[in-house]
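Bear in mind the structure is a predicted one, so any value in this text is a computation, not a measurement. Side-chain atoms are counted along with the backbone in the values below, which use heavy atoms only and exclude waters and symmetry mates. Below, chains carry the letters A, B, ... as their sequence lines are ordered, and counting in each starts from 1.
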2 protein chains.
Amino acid sequence: MRNDAFVAALTAELGAEVVLTDPDRLVSYQTDRAMFCDAGMPCAVVLARSTADVATAVRLASEHAVPIVAQGARSGLSGAANAIDGCLVVALERMDQVLEVDVDERLVVTQPGVMNADLSRVVAEHGLFYPPDPSSWEFCTIGGNLATNSGGLCCVKYGVTTDYVLALEVVLADGEVLRTGRRTVKGVAGYDLARLFVGSEGTLGIITEATLRLRPAAQRPRTLAATFGTIHEAAAGIAAITRSAVIPNLLELMDRTSLRAVNDAYRLGFEDSVGALVLAQSDAPGLAGEAEIDAIAAHLRAAGAYDVVLAADDAEAALLLTARREVLTAFEAMGTTMVDDVCVPRTRIADLVDGVAAIAEKRGVVIGVVGHAGDGNFHPCVIFDATDPDEADRAHMAFDDVMVLGLELGGTITGEHGVGVLKRELLSRELGPVGMRVQRAVKDALDPRGLLNPGKVI
Amino acid sequence: MRNDAFVAALTAELGAEVVLTDPDRLVSYQTDRAMFCDAGMPCAVVLARSTADVATAVRLASEHAVPIVAQGARSGLSGAANAIDGCLVVALERMDQVLEVDVDERLVVTQPGVMNADLSRVVAEHGLFYPPDPSSWEFCTIGGNLATNSGGLCCVKYGVTTDYVLALEVVLADGEVLRTGRRTVKGVAGYDLARLFVGSEGTLGIITEATLRLRPAAQRPRTLAATFGTIHEAAAGIAAITRSAVIPNLLELMDRTSLRAVNDAYRLGFEDSVGALVLAQSDAPGLAGEAEIDAIAAHLRAAGAYDVVLAADDAEAALLLTARREVLTAFEAMGTTMVDDVCVPRTRIADLVDGVAAIAEKRGVVIGVVGHAGDGNFHPCVIFDATDPDEADRAHMAFDDVMVLGLELGGTITGEHGVGVLKRELLSRELGPVGMRVQRAVKDALDPRGLLNPGKVI
């Protein structure tokens, strides 16, 4: 599909500086970080500089019936940002300005192309804190976070992206611009459209501006690392913490495979006998924080921890967290990877771990388990040799098995990565026929011609 | 409109014990607590015992093209639950069971007819805490709270109803039953339908079950009362607190009129010179709580408080809070009341207070100002003599003026009470034409025949 007339109209309206059509450059806008998802070749990429550029591009695409795919940093893990043959890609990377930090109202207004970590740094300069912190925070955009309702490491205490959304500006399927939500902390005038767009993966509209609430800067956290002989003991410790009155601001679990993947690279010095690592933090202030980290340590010791060690200083704490954040990259050095993203009730963590081990054995592949244990949100990562077609097939089956396991345990096929292309087939199994019908009705209401990211999610 | 065939079919399927048709009894299902909103006479009331009853009633109403109005405790303040001539009222008061408290997962599954305060008491027995606490908590239902996305006094720290919704069961416009959301704390599989139904005031579906997240029991709060000569000084103190790193779990403001309304009834003993009262709480644990309440006190003193007093004991704190919660009832003793519900940016509180005073003077009515100052959410209450037609007209105009003022200050016409019938005319002014079009598209997608609470919200 060439869509020549559309590309000509687009270039005439926006200029050649904004519209990429060189095939060599288009190639780099084909995929996000998900493996094994279909991706096509766009007919053009618009490097939008403004909401007006996005609106113009969408209006023209709508007039020419060209499918539209929005992209942030293409760091997603579900193929939601993958191009479709002949589509228009609306790239938001140039819309990278933090527009306003309002200290008095404790909010930030931002364009979608700002990196999560950059936003965090800008607001931190004002003594403020934007909590959602996906592991990819240095290379994922706020727009992408909004599109997938990203979580992260501190969600266990502070919630996910949608919990911080006050207002959005959205370019709709026909190119009209909607402003929805408000700058006030409360408001119930009309349906909550802002939260409908959050997590919709570019299928209902393109978010061009967001007003996000902030928190006061958190206290410097105390960080604890606990080692266990088995991941079962670690899971029991996590369940005990969840059941208690303590809410850590971070509660992560790494299994033996994960730990080995990062142990050498980050010189963590854990011995081979360590079967699981729990990382926990408390950022409660003063003595309360001390009491909280002591309570967490006591729960982990009671569950059978070998050793519970407080990070000696910020550098040691940062090293542990960096190792945790980089584990997916470390897995990639071990082979081809497919990162899953199930979330289960927090009482079922041990069952998930057992189930994943059984799947790995049955399918004859390695699966590393790492995740946001305090939320029950795990990223079992299938690691395999993609040059071996049989092993690749088994890896795919293992990946699907993990999602089915998540559902069987009362959980979801995706806690924070989204559905995209990767998990589309299993969505109806989670949502059921009535759920799918209502999802479809909402999609049709907002995108009646089906031009926004078709073939993704539903 | 009699709808005889419909009522006959309804009674045949559900039985006379469930279907009320006696006009003497129907009368009491006509209105909620909002004044001056149109209300009609239902053709029948279904006292639903189960989701199946609701589904049957809605299916039959749909088949007979009878409008459907859901009701909880009819404690709403916007007319959203008012009956329409010839409609079916689906009353949820019999569905009043807390179905499950899961301590390990920290969640509760409840029917919609449970009173907010009853739910709070049930979960408190398990050491857990359901934060949203509208002033009407003793006589409003969770279903009504969900329908209007209720706030309350502790929202300033803990958020509003939607922040606690994990999953919903909803009877759709055609009588089908949708289960949406999940029991896990995270999940992004498909659009966030649960939060679309929250705050939709019975216009998209009828919520028949909710799975709500809980928090660990909060610490017993420290309570502080600060008196000011003028409400301006109080507003400045509140702005200073909002700007600081402190997040109180309660931050309320009462003006002179409000204070006088409750002072005698509750023997609060405030002198006539007091022009405004700020109530604040900190439930941070231990020394952190002490530091927090000290910081709040310091901000209020710096803003010019006469007197800042810590409640001596729980009884004194409870008395102050009860007085605050009962102020609307106290206003009702002074005349006919119309309670407004604007929410403004927290830096505009002083402007709101000035603007309301100007409106009261211009329209020649009394307006008491009370509200959740920490959220910028105020309930200016117009108090007037309804037997004087001219004064009643001026009261109505004052009520609308307050909403317009809220919008002019960058706020919303409703922070937590909802749109209902009362604020329908001004909704489009807040949302604009594109916003209204998208709201309407969502409504049409879920209720294509317009039978769910027609004439409310949009």
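- When heavy atoms are compared at a cutoff of 4.5 Å, Ser150(B) does not approach chain A at all.
- Heavy-atom distances place no part of Leu166(A) under 4.5 Å from chain B, backbone and side chain included.
- Residue contact with chain B, scored on non-hydrogen atoms closer than 4.5 Å, involves the backbone of Val344(A) exclusively.
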Which donor-acceptor pairs under 3.5 Å do side chains of residues 433-444 of chain A form with protein atoms, sequence neighbours excluded?
residue	atom	partner	partner atom	Å
Arg437(A)	NE	Glu176(B)	OE2	3.4
Arg437(A)	NH2	Asp174(B)	OD2	3.4
Arg437(A)	NH2	Glu176(B)	OE2	2.7
Gln439(A)	OE1	Tyr191(B)	N	2.7
Gln439(A)	NE2	Tyr191(B)	O	3.2
Lys443(A)	NZ	Thr203(A)	O	2.7
Lys443(A)	NZ	Asp447(A)	OD2	2.8
Lys443(A)	NZ	Leu452(A)	O	2.9

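- Interface remark: Ile247(B) contributes side-chain atoms only to the contact with chain A (heavy atom separation under 4.5 Å).
- Remark: the backbone N or O of Thr242(B) is paired with a side-chain donor or acceptor of Arg106(A) at under 3.5 angstrom.
- Within the 4.5 angstrom heavy-atom criterion, only backbone atoms of Val246(B) (N, CA, C, O) approach chain A.
- Salt bridge annotation for Glu105(B)-Arg243(A): absent, with no cationic side-chain nitrogen under 4.0 angstrom from a carboxylate oxygen.
- Considering all non-hydrogen atoms of both residues, Ser244(B) and Pro216(A) come closest at O-CG, 4.4 Å.
- Contact of Ala239(A) with chain B is not made at all, since no heavy-atom distance falls under 4.5 Å.
- Using a cut-off of 4.0 Å between Lys/Arg side-chain N and Asp/Glu carboxylate O, Arg195(A) and Asp163(B) are scored as salt-bridged.
- Of the atoms belonging to Thr180(B), not a single heavy atom falls under 4.5 Å from chain A.
- Of all non-hydrogen atoms in Ala189(A) and Thr412(B), the two that sit nearest each other are CB-OG1, 3.8 Å.
- In this structure, no portion of Leu128(A) lies under 4.5 Å from any heavy atom of chain B.
- Within the 4.5 angstrom heavy-atom criterion, no atom of Leu426(A) approaches chain B.
- Of all the heavy atoms in Lys186(B) and Cys155(A), the pair that sits closest is NZ-SG, 4.1 Å.
- Interface remark: Val342(A) contributes no atoms to any contact with chain B (heavy atom separation under 4.5 Å).
- In terms of heavy-atom pairs under 4.5 Å with chain A, the best-connected choice from Gly376(B), Pro345(B), Gly374(B), Gly289(B) is Pro345(B).
- For a residue to count as touching a neighbouring chain, one of its non-hydrogen atoms must lie under 4.5 Å from one of that chain's; by this rule Asp104(B) touches chain A with backbone and side chain alike.
- Highest contact tally toward chain A, considering only Leu178(B), Thr347(B), Val185(B), is held by Thr347(B) [criterion: heavy-atom pairs under 4.5 Å].
- Partners of His379(B) according to the ring-ring contact (aromatic ring centres under 6.0 Å, His included) rule, which considers only residues two or more places apart in sequence or in another chain, are His372(B), His417(B).
- Only the side chain of Arg182(A) has a heavy atom closer than 4.5 Å to any heavy atom of chain B.
- Heavy-atom minimum distance, Gly190(A) versus Leu431(B): CA-CD1, 4.5 Å.
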